[in-house]
Amino acid sequence: MPITGISRRTVLAAAGATAAVAATGLATAPAALAAAAPTLPDGTSKDKVLVVGMDGLRHDRIDAAKAPHLKSLMANGTYGRSLLYANPMAATSSGPGWSTISTGVWPDKHGVKDNTFSGKNYGQYPGFLARLNQVRPELSLFAAVDWPELDTHGTVTPGADAKLVYNNNYVVNDLVITDITEDVLRNQNPDVLFVYFGETDEIGHNHGAASPKYTDAIDVQDGYLGRLLTAIKARPAYATERWTVIVTTDHGHTDGGGHGGSSIEERRTFVLAQGPGIAAGARPIDTRLVDVAATVFRQLGITPAASWGLDGKPIQDRSTDPFDSLYGSLTGRVDETGIPAGILGFTRTAPSGWSVINTAMGTGGMTEWRGWSFATDEFWSRSQRDQSRELNVRARGVFAVADSDEWADKTFSGTYDSTLVTPAYGVAGATRVTLDFTTFYRQEGSQSAQVQAVFNGGTPTVVKNYTADVISQPQSLAVPVPAGASTVSFRFRYTGSNNWYWVIDGVKVTTS
């Protein structure tokens, strides 16, 4: 059975380290103050993964830091940036953030909305260490954290064969965690490790993310990361091992310090990974925070069961979504004033094979949203904060959006009436065609949203009406194929007048 928990000796050693460094200062804190490394069972896998969590690390501030190890990983690995949810799904706080990273599902599944951890659903959606312990108990698993809530609430550490849990003195305990983890990497044989550093979050709160102290903290943590990378390469069996290193964060910070709200700066997250099968220098637009757990499983050769309900995908899996092909042609704002001029994030030109029918569309209104448009999360959610656009978590990269609310923010005439049309797909010989997509729909008043099927270019048939909110969820519509039909196209028709919006992404059509 796994040896979970930490010994009394480890706790006392950590407390001693805290007291000694508080008295002498960080610069004089000797590594000898760290506790002895716990003993792990001998690892069994040549595929190994180190996940390093850096709390509250705003990715755009890495550029301002020296951070040679982070920047080397970016150059030699895959680096995807994205935005978090905000309330009412969950606050941009550590509890929901680390729960999302660990479980690989969004807060509407894992249940953690803030740092009280009330509503947690780790029984159904356990962290990746707990899941690994279930499906591959022979792996040697290690966790080290100095935000103890990640242990007491069962977020990260369950499943670990040995764990280190320290108090909130990040300046001291980030160093202690580095000392001990370095020892484990050099002298033992772990398979999967989760290591948490908290100083960037602490400095962010105390001095703000725009401060020099914040970039200094990034450099300190980068040094700790460098020590762990050096320890991996110094392993006697390194030449025969296949190591993956993943670095991520749970949320961002405002320039002045703090998080929990809906600003872009608080919502900034990233997933950075280097390892076998992970492309060097890649900058995917479709990465999300839920992808950490899925990447861990992929690198260990584990195929997640459908019953796990993961929302994530491995970071190296490239998007085939037709909307993402528009990324290079996105432009900046036209009428929107709340979106910075440098943000390139929308187009009204559909991808190849797709079209938009605007023959019944009203006139005037905001140019960006005059009929179905294609946008990024940052561009669209910046158009108006705190109207739940931040909850569009299951869309990735570029998505299609019909937004009568934003369209009506400039003088308009008539009704919003726009239809998004897919290409024609072959269905000859099939008895059923299935349309899969992700949708985010907010209902108000007399607005309408319909999915229509058109066989052989004939009369559209309604196959789905939306009459209530659907907050970023996968959809699967199975439609019988009429006798003699050879093609089908689908239409997404939205009508309204200063109502809400409808988002479509990840459209796939299959036959059976």
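Computed from a predicted structure; not experimentally measured. Throughout, residue positions are numbered sequentially from 1 according to the sequence presented. Side chains included, hydrogens not; waters and symmetry mates left out as well; all remaining heavy atoms used.
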Apply ring-ring contact (aromatic ring centres under 6.0 Å, His included) to Tyr494 and list each qualifying residue two or more places apart in sequence or on a separate chain. Tyr416

Asp216: which residues meet the side-chain contact (heavy atoms from CB on, under 4.5 Å) condition with it, sequence neighbours left out? none

Would you call the rings of Trp98 and Phe194 parallel, tilted or perpendicular if under 30° counts as parallel and over 60° as perpendicular? perpendicular

Does this structure show an ion pair linking Asp377 with Arg267, if we count only N-O contacts that are shorter than 4.0 Å? yes

In terms of side-chain geometry, is the basic nitrogen of Asp403 or Arg389 positioned less than 4.0 Å from the acidic oxygen of its partner? yes

In terms of the angle between their ring planes, are His205 and His259 parallel, tilted or perpendicular, with boundaries placed at 30° and 60°? tilted

Between Phe346 and Phe379, what is the ring plane arrangement, given parallel below 30°, perpendicular above 60°, and tilted in between? parallel

Lys/Arg N to Asp/Glu carboxylate O, Asp255 vs Arg58, below 4.0 Å: yes

I need the minimum non-hydrogen distance between Pro322 and Pro351, along with the two atoms involved. O-CB, 3.6 Å

Do Asp321 and Arg396 meet the salt-bridge criterion of a basic N to acidic O distance under 4.0 Å? no

May I ask you to decide whether Lys213 forms a salt bridge with Glu199, counting only side-chain N to carboxylate O separations under 4.0 Å? no

Would you call the rings of Trp372 and Phe492 parallel, tilted or perpendicular, taking 30° and 60° as the class edges? perpendicular

Charged N-O contact under 4.0 Å between Arg442 and Asp405: no

